[in-house]
Amino acid sequence: MRVRFAPSPTGFLHLGGARTALFNWLLAKQNNGVFILRIEDTDAERSTEESTGQILDSLQWLGLQWDEGPYFQSQRLELYREHIERLYKEGKIYPAFESPEELEAERERALAEKRNPIYNRASLRLPKEEVDRRLAAGERFVWRFKVPDEGHTDVPETLMSGAADCKFENAAMGDFVISRAGTMKEPGWPLYNFCCVVDDALMGISHVIRGQEHLSNAARQVLLYQAFGYPVPTFTHLPLIMKNNKKMSKRDKDADPAFPVSVSGRRDLGYLQEATVNFISLLGCSYPMEEEIFPVDVLIKNFNLDRLQKSNANFDEDKYLFQNAWYLRNLPREDVVERVKPFIEAAGYDWERAAPVSHGAEKWLADIIGLEIERCKLLSEFPAALSYFFIAPSEYEQRGVTKIFHNEGVPELLDAVAEALLLTTPFTKEAMEDALRRLGDAKGLGFGKIAQPVRLAATGRTASPGLFDVLEHLGREEVIRRLVKAKEWLQSNPKT
RNA sequence: GGUCUGGUCGUCUAGGGGUUAGGACACCGCCCUUUCACGGCGGUAACACGGGUUCGAUUCCCGUCCAGACUGCCA
């Protein structure tokens, strides 16, 4: 089995493309096949090297390593031209001289008259002498494929159309362009539908898996395979991935920047590679496993084209986030710590300096990440979640001030806690808990009555990881400092 | 307009002529608990509509409706 992923380098790799690549890759892995990467860069206007680099990066980040390629269509022009020549000699294509403007006008006329806007074959009806003369004169033209007038073309499709062949009426297809405008001396670059067929045939692609938006292209491509006498691969057209009931597209200018459509954008927001692969594998496909979280090797074993869904899939941000959070919690901790580090550093937090002297900095960082890990869904959330370990609170959560700080006797309580913690040795969570529980007993206070104000004083928040874990990792000095500061703040901001 | 494809909880989906229509996310409730979160348990919630075929249709067939893709000298 030979499969391929063939992106055009006109932007980043988007999640839909990533899924297409993944499904191809899975099939190759599963069947000991070959996964080929081909860059479809025949649109010189839009293709960029930068984009190619980004696409390769993203594929590698996802772990979708190709076995062959990348091939670049821009380096295979000779091949395409030979094929064009062949079709021309066999009378299967013809030059068409209309300008884009003429075509556009004709198209609008057709639409206005409610006719199907397909090419009217004006150039096909030109006398041979005229064609030869204009060609010799160096007039610009495009190559058009002569589609049979009658009959229909069957696309061997494994998914859509009930996995029966998909039939397309030839008469409705129109003579499509296979090569951009050029002259005999300076031919234009060939077009997608054409290159794709030549390459897939020459590269021995046995199975084409791509988005459903290509289904109608497939009919034209089948015609080309037949024209060349090349074997037609089988096609599987995947249901589209929808966002807001529209096809999720990298060309969507209205896309919400908080939910990037690109793989790299997700990576930069702190989505994990494992979660991304897992999540996109679920879009339009199901697996025999009950659980929806599974490692990639299980995915390879269980992926099956028969289990593809035919209807379009909506991109569910909540589920993606859920899976990301799951991987955050369940991947080896050291591994997660390494991935969080850059985000912490980018936020300007110097964890080596912030760690209390009593803790090793590396261990301390790993510990505090562990403390907040259950409250984070993305790597990018850690800096904000951990901020109180780096910066003492300068203000306190409003809800906490009214519901906790403004209770009777809080300033005295903070004093008493500071005093107790000053004497607590070692400064461990067990010893602290012991000390504060005893303090509570002595004052006749429920434990929550003590923990809540201390938490607010230490973190500025009403919610945090276990209080004593936090205190221990803040270090005694800092905790005392914050308790004193909170008391002072309360004295200058009393209940009104 | 034309061509093509699709339609099961809000979302992703399993299923398939007879099921209490199953799971996951989200949501709600309870438990755990120093808070939040995690975790555990439970709950609300779906076969687009109309005709057939059939003893029986969500499942098969046909229409309708709705949705989407394509309709480029983009891929």
Side-chain angles (χ1 to χ4, degrees), chain A residues 6-10 40-43 45-47 96 98-100 103-104 107 110-118 140-144 155 157 159-162 166-169 172-174 176-182 188-193 195-196 210-219 237 239-240 242 245-247 251 279 282-293 307 309-323 325 329 372-376 400 404 433 436-437 440 446-452 454-456 459 461-468:
Chain A
S8 69
T10 56
E40 308 223 321
D41 56 350
T42 59
D43 188 341
E45 302 264 302
R46 299 200 304 137
S47 299
E98 292 78 9
S99 69
L103 254 16
E104 180 55 26
R107 211 184 77 89
L111 249 19
E113 293 168 19
K114 300 221 188 275
R115 296 196 328 264
N116 200 11
I118 56 175
R140 292 172 69 75
F141 64 91
V142 299
W143 287 113
R144 283 188 185 268
V155 175
E157 168 70 30
L159 181 62
M160 294 300 158
S161 199
C166 232
K167 290 188 197 315
F168 290 84
E169 292 302 321
M173 230 179 289
F176 53 94
V177 177
I178 61 166
S179 180
R180 290 177 177 78
W189 281 30
L191 252 9
Y192 164 71
N193 271 138
C195 302
C196 179
R210 75 229 304 193
Q212 204 203 91
E213 70 266 27
H214 289 290
L215 187 52
S216 41
N217 282 326
H237 287 95
L240 270 8
M242 313 291 280
N245 290 319
K246 286 197 341 260
K247 175 181 149 197
R251 299 193 205 177
F279 175 67
L282 252 11
L283 290 168
C285 195
S286 64
Y287 304 90
M289 302 81 83
E290 273 277 278
E291 326 78 60
E292 295 198 331
I293 299 231
R307 298 190 71 96
Q309 180 83 3
K310 283 187 265 196
S311 52
N312 296 341
N314 252 291
F315 194 88
D316 185 351
E317 293 289 351
D318 281 333
K319 195 170 198 163
Y320 190 8
L321 220 42
F322 166 84
Q323 293 206 326
R329 278 180 263 116
E372 284 289 353
I373 207 161
E374 277 160 13
R375 269 155 289 265
C376 292
I404 299 167
E433 174 152 12
L436 292 200
R437 284 203 187 269
F447 189 63
K449 290 287 179 208
I450 296 183
Q452 289 289 62
V454 174
R455 181 193 322 280
L456 191 58
T459 66
R461 308 176 186 182
T462 57
S464 81
L467 179 62
F468 302 108

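We name chains A, B, ... by the order of the sequence lines, and we start the count at 1 in each one.
Contacts of A/Val177 with the nucleic acid, taken as non-hydrogen atoms under 4.0 Å apart, involve only primed sugar atoms and P, OP1 or OP2. Base contact: A/Glu98 has a heavy atom under 4.0 Å from a base atom. Looking at heavy-atom distances under 4.0 Å, A/Leu467 makes contact with a base. A/Pro465 comes within 4.0 angstrom of a nucleotide base, judged by non-hydrogen atoms across all strands. Base engagement by A/Asn217 is indicated by at least one non-hydrogen atom pair under 4.0 Å involving a base atom. Counting any heavy atom pair closer than 4.0 Å across all strands shown, A/His237 reaches no nucleic acid atom. At the heavy-atom level, A/Pro117 lies under 4.0 Å from base atoms of the strands shown. Counting non-hydrogen atoms under 4.0 angstrom, A/Ala181 reaches a base of the nucleic acid. Base contact: A/Gly466 has a heavy atom under 4.0 Å from a base atom. Using a 4.0 Å heavy-atom cutoff across all strands shown, A/Arg140 reaches no nucleic acid atom at all.
Look at CD on A/Glu374: it is 13 Å from C1' on B/C32, rounded to the nearest Å. What separates NZ of A/Lys167 from P of B/U5 is a distance of 11 Å, to the nearest Å. In this structure, A/Leu159 atom CG and B/G7 atom P are separated by 10 Å, rounded to whole Å. Atom P of nucleotide B/C66 and atom CE of A/Met242 are separated by 16 Å, given to the nearest angstrom. Atom-to-atom, CZ of A/Phe168 to P of B/U71 comes out at 12 Å; the value is rounded to the nearest Å. One can place CD of A/Glu157 at 19 Å from P of B/U3, the figure rounded to the nearest angstrom. Following rounding to the nearest Å, A/Leu240 (CG) and B/A75 (C1') show an atom-to-atom distance of 14 Å. Atoms CG (A/Leu103) and P (B/G72) sit 9 Å apart, rounded to a whole Å.
Base pairing annotation: B/G50 forms a Watson-Crick or G-U wobble pair with B/C62, both donor-acceptor distances under 3.5 Å. With a cut-off of 3.5 Å on both Watson-Crick or G-U wobble distances, the partner of B/A21 is given as none. Figure legend. B/G39 is base-paired to B/C31; pairs are counted as Watson-Crick or G-U wobble with both atom distances under 3.5 Å. The partner of B/C70 is B/G2, by the rule that a Watson-Crick or G-U pair needs both atom distances under 3.5 Å.
Remark: side-chain polar atoms of A/Gln309 are not paired, donor with acceptor, to backbone N or O of A/Ser311 under 3.5 angstrom.
Within the 4.0 Å cut-off from OP1 or OP2 of B/G72, at least one side-chain nitrogen or oxygen of A/Arg107 is found. Residue A/Gln309 places at least one side-chain N or O closer than 4.0 Å to OP1 or OP2 of B/A14. Under 4.0 angstrom from either OP1 or OP2 of B/A75 there lies at least one side-chain N or O belonging to A/Arg180. Between A/Ser464 and B/U35, a side-chain N or O to OP1/OP2 separation shorter than 4.0 Å is absent. OP1 or OP2 of B/A75 has not a single side-chain nitrogen or oxygen of A/Arg210 nearer than 4.0 Å. Considering only side-chain N and O atoms, A/Asn314 lies nowhere under 4.0 angstrom from the phosphate OP1 or OP2 of B/U11. For the OP1/OP2 pair of B/G39 and a distance below 4.0 Å, the side-chain nitrogens and oxygens of A/Arg329 include at least one atom meeting the criterion.
Atoms CD and CG, from A/Gln212 and A/Asn312 in turn, are 5.5 Å apart once rounded to the nearest 0.5 Å. Rounded to the nearest 0.5 Å, atoms CG (A/Leu191) and SG (A/Cys196) are 11.5 Å apart. Put simply, CG on A/Asn116 and CG on A/Leu111 are 9.0 Å apart, with the number rounded to the nearest 0.5 Å. To the nearest 0.5 Å, atom CZ of residue A/Arg180 and atom CD of residue A/Glu45 are 8.0 Å apart. The distance from the CZ atom of A/Phe322 to the CG atom of A/Asp316 is 11.5 Å, given to the nearest 0.5 Å. The structure places CG of A/Leu282 at 5.5 Å from NZ of A/Lys319, a figure rounded to the nearest 0.5 Å.
Within 3.5 Å, no donor on the side chain of A/Asn312 pairs with an acceptor on the base of B/G68, nor the reverse.
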**Q.** Summary of protein contacts for nucleotides 19-28 of chain B, nucleotide by nucleotide, where a base hit scores B, a sugar-phosphate-only hit scores S (4.0 Å, heavy atoms)
**A.** ----BBBS--
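Here the nucleotide nearest the side chain of A/Lys310, chosen from B/U34, B/A75, B/G6, is B/G6. Nearest nucleotide to the A/Ser311 side chain, out of B/U3, B/U8, B/A75: B/U8. When each of B/A75, B/U13, B/C73 is scored by its nearest atom to the side-chain atoms of A/Ala313, the top-ranked nucleotide is B/U13. Closest to the side chain of A/Ser286, from the set B/U13, B/U35, B/C73, is B/U13. Of the candidates B/A75, B/A69, B/U34, B/A75 carries the atom nearest the A/Glu40 side chain, counting heavy atoms from C-beta on. Comparing B/A75, B/C73, B/A14 against the side chain of A/His214 picks out B/A75 as the nearest. Side-chain proximity of A/Ala451 to B/U13, B/A69, B/U34: nearest is B/U34. Candidate nucleotides B/A75, B/A69, B/C73 were compared by shortest atom distance to the side chain of A/Thr42, and B/A75 ranks first.
When all heavy atoms are compared, the tightest approach of A/Phe168 to A/Leu215 is CZ-O, 3.7 Å. Across all their heavy atoms, A/Leu240 and A/Glu213 have their closest contact at CD1-OE1, 3.2 Å. Of all non-hydrogen atoms in A/His237 and A/Leu159, the two that sit nearest each other are O-CD2, 3.4 Å. A/Tyr192 approaches A/Asn217 most closely through the heavy-atom pair CE2-ND2, 3.7 Å.
Of the P atoms belonging to B/U34 and B/G16, the separation is 49 Å, rounded to the nearest Å. Here the separation of B/A57 from B/A69, taken at their P atoms, is 36 Å to the nearest Å. With C1' as the reference atom, B/C30 and B/C49 are 40 Å apart, rounded to whole Å. Only the P atoms considered, B/G40 is 27 Å distant from B/A21, to the nearest whole Å. A gap of 8 Å separates the P atoms of B/G17 and B/C60, to the nearest Å. Across B/G7 and B/C32, the matching C1' atoms stand 43 Å from one another, rounded to whole Å. Of the P atoms belonging to B/G10 and B/C27, the separation is 16 Å, rounded to the nearest Å. The P atoms of B/G18 and B/C12 are separated by 25 Å, rounded to the nearest whole Å.
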Which atoms of nucleotides 44-48 of chain B (N or O only) lie under 3.5 Å from a protein N or O atom, and what are those distances?
none

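Aromatic pair A/Phe279/A/Phe315: centroids less than 6.0 angstrom apart.
The side-chain tip of A/Arg437 points at the ring of A/Phe447 from less than 6.0 angstrom away and within 45° of straight on.
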